[in-house]
Amino acid sequence: MLQQTTVAAVKPYFLHFLDRWPSVEQLADADPQEVMAAWAGLGYYARARNMLACARTVAAQHQGRFPEGVKALRCLPGIGEYTSAAIAAIAFDEPVAVVDGNVERVVSRLYAIETPLPAAKPRIRDLVQEMTPSERPGDFAQAMMDLGATICTPKRPACAICPLSAPCLARAEGRQEFFPVKAPKRAKPQRRGAAFVAMRQGDGAIWLRRRPESGMLGGMVEPPTTAWSVKADGAIGAESAPFAAGWELAGTASHGFTHFDLTLDVWRAVAPADPQSDGWWATPERLDEEGLPTVMKKVVAVALPGIIFRRRPGRAAP
DNA sequence: CAGACGTGGAA
DNA sequence: TTTCCAAGTCT
């Protein structure tokens, strides 16, 4: 959960998952759709699919216990170079280099590494391996990460209270804020699409469907949307809707993803009882449990301004 | 290797 | 408002 995600964002999800699926075996037996719904809002949904696949592998092939050793850990779904090393060092006392974004920053400053990331990663990993002690390697790893998180911060690092300020080459040159060097990032393209929010006469239920397992928002729930194409002029017409209805334009919903910005035209209609399309009806009370990703909550909010979503699992909106 | 892959909070 | 970025992984 913590991959590319802050502790503050993860905390309520972590607590809910631990409460709902307290063991690897229980997670392995979980309903995948419920797991995806519980992950909704955290982002990077491949992590949820990987975590479930990982639990199944650990339960089926490792008697419900995580294998020891970076190499075996690295073979599990969703467990890459960083996570395998972190588990090995922290849980199994293995003296392996644990390199996350914090450690990259600390070490690139300590040695004033001019090579941009990610090209400098192998060098950084070697340096960290060199300093990793055979005694309490897990504590060393967490100390390095916490140093980066609290003192050797991206902006205005607190060099005055840093235990590594004396040997720090970047600090010696007064260039600490210029490390790590990173490759320039490209501009985000704009994409355009349409979303169709159909409401059932009577109970106000909304028509939903599930997105394909892979790709953007893979396996997540949505009101039907068109493909998200390179930005076109003007609105996308109701002829793109999954079924005929009295579609009216309710507005637009915009959302920034990691690698593109999306604007969706949001269409609204009172729909026939049987839309003759893939999907299901979800009543307003059930919308929270459906687990819509954030962009789709925005879409529903544009179509139905009265709908209020809860912010985090099991917590009431303020 | 470079690009895909979410979201919310801070500056 | 815009930009940055956080305990990365997969293809």
Side-chain angles (χ1 to χ4, degrees), chain A residues 1-14 36 39-54 70 73-91 96-106 115-122 124-125 128 138-150 152-157 177 180 182-189 191 211-222 228 253-262 291-299 309 311-313 315:
Chain A
M1 282 181 172
L2 287 165
Q3 292 166 358
Q4 294 285 284
T5 307
T6 58
V7 170
V10 161
K11 189 176 177 185
Y13 288 85
F14 176 74
M36 297 312 289
W39 197 280
L42 247 196
Y44 283 147
Y45 298 99
R47 293 181 298 174
R49 303 192 297 271
N50 287 336
M51 190 175 74
L52 182 54
C54 181
V70 266
L73 288 162
R74 182 70 178 73
C75 294
L76 295 168
I79 298 190
E81 182 169 344
Y82 158 73
T83 306
S84 58
I87 296 172
I90 295 169
V96 289
V98 178
V99 183
D100 73 335
N102 291 302
V103 177
E104 286 176 353
R105 187 168 55 254
V106 170
T115 307
L117 287 172
K121 275 211 80 172
I124 292 172
R125 195 194 55 72
V128 172
D139 287 347
F140 174 78
Q142 296 192 69
M144 289 289 281
M145 292 190 283
D146 283 342
L147 181 66
T150 62
C152 194
T153 50
K155 292 166 188 170
R156 297 180 56 86
E177 291 204 52
K182 292 188 176 180
K185 51 199 65 154
R186 335 151 75 87
K188 274 197 215 175
R191 290 199 200 179
R211 294 178 60 82
E213 283 302 308
S214 62
M216 275 300 285
L217 308 178
M220 299 304 288
V221 172
E222 66 168 7
W228 308 340
S254 294
H255 190 73
F257 292 107
T258 306
H259 54 298
F260 64 90
D261 289 322
L262 178 67
L292 271 61
T294 298
V295 59
M296 298 306 166
K297 289 185 180 180
K298 289 185 183 178
V299 164
F309 287 101
R311 295 208 152 180
R312 292 193 162 81
R315 305 200 35 176

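First the proteins, then the strands, lettered A, B, ... as listed; each starts at 1.
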If each of A/Phe260 and A/Ala119 is mapped to the nucleotide of DNA chain B with the nearest heavy atom, which maps nearer the 5' terminus, i.e. the 5' end?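 Upstream on the strand: A/Ala119.
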
Hey, which sits more toward the 5' end of DNA chain B by its nearest nucleotide, A/Leu217 or A/Arg186?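 The residue closer to the strand's 5' end, by nearest nucleotide, is A/Arg186.
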
Please find the pair of heavy atoms, one from [X] and one from [Y], that lie closest to each other, and give the distance.
{"X": "A/Glu177", "Y": "A/Lys155", "answer": "OE1-CA, 3.8 Å"}
{"X": "A/Val103", "Y": "A/Val98", "answer": "CG2-O, 3.6 Å"}
{"X": "A/Ile79", "Y": "A/Ser84", "answer": "CG2-N, 3.5 Å"}

Just call it for A/Leu42: base, sugar-phosphate, or nothing, with non-hydrogen atoms closer than 4.0 Å on any strand.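 Touches a base.
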
Hey, does A/Gly218 reach any base, or is it just sugar-phosphate, or nothing, if we go heavy atoms under 4.0 Å?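 Nothing: the residue A/Gly218, judged by heavy atoms under 4.0 Å, touches no strand.
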
Which value, rounded to the nearest 0.5 Å, describes the distance between A/Gln142 atom CD and A/Leu147 atom CG?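 These two atoms lie 13.5 Å from each other.
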
Worked verdict on A/Phe257 versus A/His255 for ring pair (Phe, Tyr, Trp, His ring centres under 6.0 Å): CA-CA 6 Å; A/Phe257 292 107; A/His255 190 73; 4.8 Å; yes

Using atom [atom1] of each nucleotide, how far apart are [N] and [M] to the nearest Å?
{"N": "C/dA7", "M": "B/dG3", "atom1": "C1'", "answer": "22 Å"}
{"N": "B/dG6", "M": "C/dC4", "atom1": "C1'", "answer": "15 Å"}
{"N": "C/dT1", "M": "B/dG8", "atom1": "C1'", "answer": "16 Å"}
{"N": "C/dT11", "M": "B/dT7", "atom1": "C1'", "answer": "23 Å"}

With A/Leu217 as reference, evaluate A/Glu222, A/Met296, A/Met36 under the side chain to side chain contact (heavy atoms under 4.5 Å, CB included) test and give the passing residue.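 Considering A/Glu222, A/Met296, A/Met36, a side chain to side chain contact (heavy atoms under 4.5 Å, CB included) with A/Leu217 is found only for A/Met296.
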
Is A/His255 close enough to B/dT7 that one of its side-chain N or O atoms is under 4.0 Å from OP1 or OP2 there?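 Indeed, a polar side-chain atom of A/His255 lies that close.
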
Looking at A/His259, does any N or O in its side chain come under 4.0 Å of the phosphate oxygens OP1/OP2 on B/dC5?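 A/His259 to B/dC5 OP1/OP2: side-chain N or O found under 4.0 Å.
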
Sugar-phosphate atoms are those with a prime plus P, OP1 and OP2; base atoms are the rest. Using that split, label each nucleotide of nucleotides 4-11 of chain C B, S or - for protein heavy atoms under 4.0 Å, 5' to 3'. SSBBBSS-

Show me, pair by pair, the donor-acceptor contacts under 3.5 angstrom made by side chains of residues 4-12 of chain A, not counting sequence neighbours?
{"unit_1": "A/Thr5", "atom_1": "OG1", "unit_2": "A/Gln3", "atom_2": "O", "d": "3.1"}
{"unit_1": "A/Thr5", "atom_1": "OG1", "unit_2": "A/Arg47", "atom_2": "NH1", "d": "2.9"}
{"unit_1": "A/Thr5", "atom_1": "OG1", "unit_2": "A/Arg47", "atom_2": "NH2", "d": "3.4"}
{"unit_1": "A/Thr6", "atom_1": "OG1", "unit_2": "A/Ala9", "atom_2": "N", "d": "3.3"}

Using whole Å, report how far CE of A/Met216 lies from C1' of B/dG6.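 These atoms are roughly 7 Å apart.
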
